[in-house]
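See below for the structure under consideration.
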Amino acid sequence: MANYKLLFFGKIPSTQTYAHELIARRGAADHTAIVAAAQSAGRGRYRRTWVSHHGNLYVSFIFDCPERDARLSYQVAVAVAESLISFGVPARIKWPNDIMVNGKKICGVLIEYSGDFVIVGIGVNIKSNPTVSAVYKTTRMDKYCNVTAMEVLSAIMKNLDIWMGRQFPDVRTRWTELAIGLNNIVEYRGEDVELMGINENGALMLRRGTEYILGYGDEIKIK
């Protein structure tokens, strides 16, 4: 944890929102981690509610980032997956950066840009997992291991430093090894297509018959 400035809160509305506010008032610095024991207004992609009970990990990292890079999602996904694997959790990645275990979501990642910074929000189910059966199934780490939020945080920080420093071909190789749904039919924008992988720029590669499609920000549904 020596490389990070840690800000701890018992409960705040959202670590992600706090990170944006910190940047707006010029109080942000590279390698800042905002950690909350609980959130009252946690959010995920597309402003979906992220249920945030005590016992789990809720953290938003602030990193220097003068330019946007689609490849960052894969660096973060591999770093988080490797962290969970280090505790014996059989983590896999659903494009672009959801962390899954046996088809159930255990961790979500939200990446947002603000000025010359990027905010990487990570929520890991450790002691509890929300019931959102209408959307997807969830699980938690304590079904596989006995670990604390601070131990998970320490592992994630270590792996972020490793994988954000790797060349993208290495990241792409490891992401491909951990990805679910490759070479299978998935749903993309309401259509059935084959998931081929990701290219050197971080675009999702899909195939519809003889046509190849590149995707960046949309979601896919694993069949």
Side-chain angles (χ1 to χ4, degrees), residues 38-39 42-46 48-59 72-111 120-160 162-163 170-188 190 192-198 202 204-206 215 218-223:
Q39 300 179 115
R43 57 188 175 85
R45 295 185 76 202
Y46 304 110
R48 293 171 181 146
T49 298
W50 185 266
V51 180
S52 308
H53 298 307
H54 285 273
N56 297 335
L57 175 64
Y58 312 108
V59 57
L72 176 64
S73 288
Y74 307 106
Q75 294 171 320
V76 173
V78 171
V80 176
E82 292 283 26
S83 299
L84 271 59
I85 290 169
S86 72
F87 294 108
V89 180
R92 302 287 299 278
I93 302 170
K94 175 182 174 291
W95 188 85
N97 50 30
D98 281 343
I99 308 302
M100 314 290 288
V101 176
N102 297 323
K104 299 177 181 179
K105 187 171 179 176
I106 197 169
C107 169
V109 176
L110 176 61
I111 297 177
V120 178
I122 298 172
V124 185
N125 297 332
I126 300 175
K127 301 298 183 183
S128 66
N129 56 294
T131 301
V132 285
S133 56
V135 182
Y136 51 79
K137 295 181 179 180
T138 65
T139 189
R140 59 185 185 271
M141 288 187 72
D142 74 356
K143 290 186 175 182
Y144 302 88
C145 62
N146 183 17
V147 67
T148 67
M150 290 302 99
E151 289 171 329
V152 177
L153 174 63
S154 180
I156 289 176
M157 289 191 295
K158 175 183 176 181
N159 277 294
L160 282 173
I162 292 172
W163 288 99
D170 294 337
V171 177
R172 181 185 181 190
T173 295
R174 187 56 176 149
W175 186 92
T176 300
E177 292 171 347
L178 294 171
I180 59 175
L182 287 182
N183 303 313
N184 289 310
I185 300 299
V186 300
E187 183 179 317
Y188 176 76
D192 286 346
V193 295
E194 185 178 356
L195 176 58
M196 306 301 296
I198 57 176
L204 181 69
M205 298 188 299
L206 303 162
D218 299 283
E219 293 187 334
I220 61 172
K221 182 177 180 180
I222 305 294
K223 293 290 187 175

Using the side chain to side chain contact (heavy atoms under 4.5 Å, CB included) criterion, which residues pair with N129? Sequence neighbours excluded.
N125, T138, R140

Holding to side chain to side chain contact (heavy atoms under 4.5 Å, CB included), I want the full list of residues that pass it with K158, two or more places apart in sequence or in another chain.
I162

Rounding to 0.5 Å, atoms OG1 (T148) and CG (L57) come to a distance of 9.5 Å

Got more than 12 heavy atoms from elsewhere within 6.0 Å of CG, N146?
no

Closest non-hydrogen atoms of V152 and V147, given as atom of the first, atom of the second and distance, are CG2-CG2, 3.8 Å

Does any part of the side chain of V124, heavy atoms only, come nearer than 4.5 Å to the side chain of L153, both counted from C-beta?
no

Under the side chain to side chain contact (heavy atoms under 4.5 Å, CB included) rule, collect the residues that match up with T173, sequence neighbours excluded.
E177

The complete set of salt bridge (Lys or Arg N to Asp or Glu O under 4.0 Å) pairs with one or both residues in residues 77-96, sequence neighbours excluded, reads E82-R174

Heavy-atom count check: over 12 atoms from other residues, nucleotides or ligands less than 6.0 Å from K143 NZ?
yes

For I126, is there any backbone N or O sitting under 3.5 Å from a side-chain donor or acceptor partner on N56?
yes

What are the two closest heavy atoms between L182 and G197, and how far apart are they?
CD2-CA, 3.7 Å

Would you give the length of the straight line joining atom CG of L195 to atom CD1 of I222, rounded to the nearest 0.5 angstrom?
6.5 Å

How close do W95 and G215 get, counting heavy atoms only, and between which atoms?
CZ2-O, 4.1 Å

When rounded to the nearest 0.5 Å, the distance separating CD1 of I99 from NZ of K105 is 9.5 Å

If only atom types and distance count, is the side chain of S154 paired as donor or acceptor with the main-chain N or O of E151 below 3.5 Å?
no

What one should report as the nearest heavy-atom pair of V89 and C145 is CG2-SG, 4.0 Å

Once side chain to side chain donor-acceptor pair (under 3.5 Å) is applied, do any residues pair with N102, and if so which ones, sequence neighbours excluded?
Y144

Less than 4.5 Å apart, any side-chain heavy atom of V59 and any of I156?
no

Kindly give the heavy-atom pair with the smallest separation between V80 and C107, and that separation in Å.
CG1-SG, 3.7 Å

Who pairs with A79 by side chain to side chain contact (heavy atoms under 4.5 Å, CB included), at least two apart in sequence or on another chain?
N159, L160, W163

Closest approach of A155 and S83, non-hydrogen atoms and distance?
O-OG, 3.2 Å

Rounded to the nearest 0.5 angstrom, the NZ-CD1 distance for K221 and I185 is 14.5 Å

Partner of S73 under side-chain contact (heavy atoms from CB on, under 4.5 Å), picked from I111, I93, I198, V120, is I111

Hey, is the main chain of V171 close enough, under 3.5 Å, to the side chain of Y74 for a donor-acceptor pair?
no

Would you indicate whether the side-chain heavy atoms of V186 and L206 approach each other to under 4.5 Å?
yes

dist I106:CD1 -> L84:CG (nearest 0.5 Å) comes out at 5.0 Å

